[in-house]
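To keep things clear, I will list the structure first and then write my remarks on it.
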Amino acid sequence: MERLIIFDMDGVIFDSERVVLEGWKEIADKYGIKNMEEPYMKCIGVNIDKCKEIFLDYYGEDFPYDEYESEQSANYHKKYDNGRLPLKPGVEKLLIELRKNNYNIAIASSTKLQTVKNQIEAAGLAQYFDKYVGGDMVAKSKPEPDIFIEAMKGFDVDAEDVIVIEDSFNGIRAAYAAGMNRLWCLT
């Protein structure tokens, strides 16, 4: 049997959730939007479609989510692309140790696959990962188990032996629903 550890990306490998929230707060200040943190916190660990649904449920169907999200995303990429996205402390050291101890390492992120690859490569971490699964590769987003089931495919491992590192309630629920109960939750 192989050994497999699956990482979430945003909030686990990169300190991206904090900087995305800062971007949404800039949008809120610019357009006079109240309580931006409340719907944003519900978006942690879900894909962009579910996030849009959360914002529209909170602010109403006339909320110009696509326009605001596009502006926030453009600002984010301007600030953090090309390897400028801050890593969480100790991540590279942990990845080196996992490699030394013969772990297979995968990413299961609600973020689109190409963005995952771009960010990991720009940070100089690509050599540590055996598999990437993005939110656009599965039919249902976290908290459904689809992304973790997909990440496990191709490895000779049982779900109950997989280690998952997550930072969101939706991610923990998804991993547990996939039969993975060796969960590390980072806050």
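The analysis underlying the following values was restricted to heavy atoms, covering all of them including side chains, and did not include hydrogens, waters or symmetry mates.
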Original post:
How about Phe155: does its CZ atom have over 12 heavy atoms from other parts shown lying under 6.0 Å from it?
Top reply: yes

Original post:
Donor-acceptor pair, Glu2 side chain versus Asp156 backbone, under 3.5 Å?
Top reply: yes

Original post:
Roughly how far, to the nearest 0.5 Å, is the CZ atom of Phe7 from the CD1 atom of Ile107?
Top reply: 8.5 Å

**OP:** Answer yes or no: is there a donor N or O on one side and an acceptor on the other, between the side chain of Asp15 and the main chain of Pro86, under 3.5 Å?
**Re:** no

**OP:** Taking the six-membered ring of Tyr128 (Phe, Tyr or Trp), confirm whether the NZ or CZ of Arg99 is under 6.0 Å from its centre and within 45° of its axis.
**Re:** no

Original post:
Would you find a donor on one side and an acceptor on the other, under 3.5 Å apart, between the side chain of Tyr80 and the backbone of Val19?
Top reply: no

Original post:
Mind checking whether Leu95 and Leu125 have side chains closer than 4.5 Å, heavy atoms only?
Top reply: yes

**OP:** State, to 0.1 Å, how close Lys131 and Glu150 come at their nearest heavy-atom pair, and which atoms those are.
**Re:** NZ-O, 2.6 Å

Subject >> Closest heavy-atom pair and its distance - Pro39, Phe55 >> reply: CG-CE2, 4.1 Å

Original post:
Can you check whether Thr111's main-chain N or O pairs, donor with acceptor, with Asn47's side chain at less than 3.5 Å?
Top reply: no

**OP:** Would you check if the side chain of Lys140 reaches a backbone N or O of Ile147 as a donor-acceptor pair within less than 3.5 Å?
**Re:** no

Original post:
Do the side chain of Ser110 and the main chain of Gly45 share a donor and acceptor less than 3.5 angstrom apart?
Top reply: yes

Subject >> Test applied, side chain to side chain donor-acceptor pair (under 3.5 Å); reference residue, Tyr58; option that passes from Glu53, Glu38, Lys42 >> reply: Glu38

Original post:
Within a radius of less than 6.0 Å around NZ of Lys117, do more than 12 heavy atoms belonging to other residues, nucleotides or ligands occur?
Top reply: no

**OP:** Answer yes or no: is there a donor N or O on one side and an acceptor on the other, between the side chain of Asp161 and the main chain of Val157, under 3.5 Å?
**Re:** no

Original post:
Using the ring of each side chain (for Trp, its six-membered ring), is Tyr65 parallel, tilted or perpendicular to Phe63, with breaks at 30° and 60°?
Top reply: tilted

Original post:
Does Lys78 offer a backbone N or O that forms a donor-acceptor pair with the side chain of Arg84 under 3.5 Å?
Top reply: yes

Original post:
Could you give the distance from CG (Asn75) to CD (Glu22), rounded to the nearest 0.5 Å?
Top reply: 12.0 Å

**OP:** Assess the side chains of Asn118 and Gln114: does a donor N or O sit below 3.5 Å from an acceptor N or O?
**Re:** yes

**OP:** For Ile172 and Trp184, work out which heavy atoms get closest and say how close.
**Re:** CD1-O, 4.5 Å

**OP:** Could you pull out the closest heavy-atom pair between Pro145 and Ala178, with the gap in Å?
**Re:** CB-N, 3.5 Å

